[in-house]
Amino acid sequence: MADKKKNLSEYDIHAVPEAKGMRFGIVVAEWNDEITFELCRGAIDTLKKHGVEDDDIDIHYVPGSFELPMGAQFVAETTKVDAVICLGCVIQGETRHFEFICNAAADGITNVGLKTNIPVIFGVLTPDTWQQAKDRAGGKHGNKGDEAAISAIKMVDLRRKL
Ligand code: RBF
C-alpha cells in the first residue's frame with residue numbers, strides 16, 4: 001500500500017474486505033489538532049467508504065499522543081468495538097520530548113492491542129516539520145488516517161477469519 005505507491009491514501013480497493021457491521025473506536029490526540037482532526041476526517045471517510053455505519057464509529061479525544069495508549073485501553077475495555085484507531089501527530093522539530101512521546105505511544109499502543117486482543121492501530125505521524133505533517137494529513141502524500149482505517153478493517157477481518 002503506501003510503501004509501494006508513496007501515498008498514504010492509495011491502496012488496492014479490491015484487497016479491502018467489506019466492513020459493514022464492523023465497529024470502530026477512534027482515539028484522537030488534541031495536540032496539533034489542525035493535523036489530527038484531518039487524520040480523523042480521513043479515517044471516518046475511509047471506514048464509511050468500505051461500508052461502516054456512522055453509528056458504528058465512536059470518537060474519543062485525549063490531550064496528546066502520550067495519552068493514546070490509555071485512551072485506547074479505556075475504549076477497548078469498556079465499549080464493544082472490533083478495533084481501535086489511534087491518531088496523533090508529534091513533530092520532531094518542535095518538541096524536545098519527541099522520542100519519549102513517540103516511544104511511549106508506540107510501545108503503549110502495541111501493548112494495549114496484545115493485552116486486550118483487540119487490534120489497536122498506530123495512526124501517529126512523526127514528521128520533522130509542520131509541512132511534512134500537512135503533506136500527510138490530506139496533502140500531497142495522502143492521509144495517514146486513511147491508511148490507519150484500512151489497516152483496522154484488515155485486522156478485524158483477519159481476526160474474524162481465524
Ligand atoms: N503531544 C502530541 O501529540 N504531539 C506533540 O508534538 C507534543 N509535543 C509536546 C511537547 C511538549 C514540550 C510537551 C510538554 C508535551 C507535548 N505533547 C505533544 C503532549 C503529550 O503527548 C502529553 O499530552 C503531555 O505531555 C501530558 O502528558
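Just so you know, residue 1 is the first one in the sequence shown, and it goes up from there. Just so it is clear, the structure is predicted and the values come from calculations on it, not from any experiment. First listed ligand is number 1; within each ligand, the first listed atom is number 1.
Counting heavy atoms only, Cys89 comes closest to atom 4 (N) of ligand 1 of the residues Ser65, Gly64, Cys89.
Contact annotation: the side chain of Lys49 never approaches that of Val16 to less than 4.5 Å [non-hydrogen atoms, C-beta and beyond]. Looking at Asn143 and Glu38, their side chains come closer than 4.5 Å, going by heavy atoms from C-beta outward.
Checking only distances, Ile101 never comes within under 3.5 Å of ligand 1, N or O to N or O.
For Glu147 and Arg136, the salt-bridge test fails: no basic side-chain N is under 4.0 Å from an acidic carboxylate O.
Ligand-side atoms of ligand 1 in range of Ile91: 6 (O), range being under 4.0 angstrom from any heavy atom. The ligand atoms of ligand 1 that sit less than 4.0 angstrom from a heavy atom of Asn32 are 4 (N), 5 (C), 6 (O).
Residue Lys48 holds its NZ atom at 14.0 Å from CZ of Phe24, rounded to the nearest 0.5 Å.
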